[in-house]
Amino acid sequence: MVKVLKRAFFERPTLEVAPELLGKEIILKQSKKKYKLGIIVEVEAYTHDDPACHAARGKTPRNEVMFGRGGFSYVYFIYGMYYCLNFVTEKADIPGAVLIRALEVCDEDDIRVASGPGKLCNYLKVTKEHNKIDCCNKDSSLIVVDNNYYKDKQFSIIQTNRIGISKAADYPWRWYIKESKAVSKILS
DNA sequence: TGCTGGATTATC
DNA sequence: ATAATCCAGCAA
């Protein structure tokens, strides 16, 4: 039984949603019978009053989806070669999103094939075509479900600083699962 | 219209 | 430490 995360899960304060996404499972449908799965083990939060947020200086064609309802995907292209996957949070007109930074995969030889925001999109084959998908609709090609490997296990969450940004670098808005070997980078 | 730098990653 | 490689956002 697949339990797709509901709109109400995403339409809450970004800082509450972000850590709760840890341990949830992303399912991406690549074709009729082909799926890619991954458990979220690392996230970062970006809010409306956050200088590092793409939506900080108003609505643009790129960040438009962040101003809509929660539960939609926000995918953007960066550094000329990578895509990043986010889930929109908060109710309509309040921009906010959670960047998915790492997934743990079970059916691959390399447990770190999706350990980084660019690598995970490469693994799932996420592109700009996956922007603005309603992930609360069970028929969508991209959904987040509550069934997962960590669900019935004891796991601890580490909260620390975000990675790779210059603005508001001191905000402790990155969370990851301590026990996972697929976390992108452990700061010491 | 032109320029700058980025929510990255692999490699030197 | 730096190259790879595009394009959004802003200045003019």
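Here is how names work: the chains are called A, B, and so on, in the same order as the sequence lines, proteins then strands, and each is numbered from 1.
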Quiz item: For A/Y79 and C/dA4, are the ring centres under 5.5 Å apart with planes inclined under 30°?
Solution: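 Taking the rule of under 5.5 Å and under 30°, the ring of A/Y79 does not stack on C/dA4.
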
Quiz item: Under the 6.0 Å and 45° cation-pi test, does A/K128 pair with A/F77?
Solution: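 Not flagged: A/K128 not positioned over aromatic ring of A/F77.
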
Distances for protein N or O near nucleotides 10-12 of chain C N or O, under 3.5 Å:
from: C/dC10; atom 1: OP1; to: A/R57; atom 2: NE; distance (Å): 3.2

For [X] and [N], what is the distance between atoms [atom1] and [atom2] respectively, to the nearest whole Å?
X      : N     : atom1 : atom2 : result
A/Y46  : B/dG6 : OH    : P     : 12 Å
A/M81  : B/dG6 : CE    : C1'   : 13 Å
A/N86  : B/dT8 : CG    : P     : 11 Å
A/I78  : B/dT8 : CD1   : C1'   : 7 Å
A/R162 : B/dG6 : CZ    : C1'   : 14 Å
A/K128 : C/dT5 : NZ    : P     : 17 Å
A/I100 : B/dT8 : CD1   : P     : 14 Å
A/E42  : B/dA7 : CD    : C1'   : 11 Å

Quiz item: Which pairs count as salt bridge (Lys or Arg N to Asp or Glu O under 4.0 Å) when at least one residue sits in residues 167-180 of chain A, sequence neighbours excluded?
Solution: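 Qualifying pairs: A/E42-A/R174.
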
Exercise. Sort and list the pairs that fulfil salt bridge (Lys or Arg N to Asp or Glu O under 4.0 Å) and have at least one residue in residues 54-67 of chain A, not counting sequence neighbours.
Key: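 Counting only pairs at least two positions apart or across chains, the salt bridge (Lys or Arg N to Asp or Glu O under 4.0 Å) contacts touching residues 54-67 of chain A are A/E64-A/K132.
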
Practice problem: Output the residues of residues 10-17 of chain A in contact with DNA chain B, where contact means a heavy atom of the residue under 4.0 Å from an atom of the strand; sort by number or write none. | Solution: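 Per residue number, the list is empty: none.
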
Quiz item: In residues 163-174 of chain A, which ones come under 4.0 Å of DNA chain B, going by heavy atoms?
Solution: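 Residues of residues 163-174 of chain A that come under 4.0 Å of DNA chain B are, in numerical order, A/I163, A/G164, A/I165, A/S166.
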
Exercise. Considering just the side-chain nitrogens and oxygens of A/R62, establish if one lies under 4.0 Å of OP1 or OP2 belonging to C/dG9.
Key: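 The answer is yes; a side-chain N or O of A/R62 sits under 4.0 Å from OP1 or OP2.
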
Exercise. Indicate whether OP1 or OP2 belonging to C/dA8 is found under 4.0 Å from a side-chain N or O atom of A/H54.
Key: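 Negative; the distance criterion is not met.
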
Contact list (N/O, under 3.5 angstrom) for nucleotides 1-5 of chain B vs protein:
none

N/O donor-acceptor pair under 3.5 Å between [X] side chain and [Y] backbone:
X      : Y      : result
A/E104 : A/G23  : no
A/E11  : A/G70  : yes
A/K119 : A/S184 : no

Exercise. Could you identify which residues of residues 105-116 of chain A place a heavy atom less than 4.0 Å from some atom of DNA chain C, listed by residue number, or say none?
Key: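 The answer is none.
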
Practice problem: Answer yes or no: is there a side-chain heavy-atom contact under 4.5 Å between A/H130 and A/T127? | Solution: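 Of all side-chain heavy-atom pairs linking A/T127 with A/H130, at least one is under 4.5 Å.
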
Quiz item: Will you find, in the side chains of A/Y74 and A/H54, an N or O donor that is under 3.5 Å from an N or O acceptor?
Solution: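 A/H54 and A/Y74 do have a side-chain donor-acceptor pair below 3.5 Å.
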
Quiz prompt | Selection residues 87-97 of chain A - residue pairs positive for side chain to side chain donor-acceptor pair (under 3.5 Å), sequence neighbours left out | solution =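 Passing the test, one end in residues 87-97 of chain A: A/T14-A/T89, A/T14-A/E90.
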
Please tabulate, one pair per line, each protein N/O and nucleotide N/O from nucleotides 10-12 of chain B that are separated by under 3.5 Å, including the distance.
none

Quiz item: When you compare B/dG2 with C/dT5, how far apart are their P atoms, in angstrom units rounded to a whole number?
Solution: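 So the two P atoms sit 23 Å from each other.
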
Self-check item: Results of side-chain contact (heavy atoms from CB on, under 4.5 Å) for A/D109 - residues two or more places apart only
Solution: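 For A/D109 there are no side-chain contact (heavy atoms from CB on, under 4.5 Å) partners, ignoring immediate neighbours.
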
Exercise. Using only heavy-atom distances, decide whether a donor-acceptor pair under 3.5 angstrom links the side-chain of A/Y76 to the base of B/dA7.
Key: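 Checked by distance alone, the answer is yes.
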
Exercise. Can you sort out the partners of A/R12 under salt bridge (Lys or Arg N to Asp or Glu O under 4.0 Å), two or more places apart, ordered by chain and number?
Key: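 Residues passing salt bridge (Lys or Arg N to Asp or Glu O under 4.0 Å) with A/R12: A/E16, A/E20.
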
Practice problem: Just need the stems in DNA chain C: three or more back-to-back Watson-Crick or G-U pairs, each with both distances under 3.5 angstrom, sorted by first number. | Solution: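 Counting only runs of 3 or more consecutive pairs, the stems involving DNA chain C are B:1-6 with C:6-11, B:8-11 with C:1-4.
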
Quiz item: Contact class for A/G118 (heavy atom, under 4.0 Å): base, sugar-phosphate, or nothing?
Solution: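 Sugar-phosphate, backbone atoms only, no base.
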
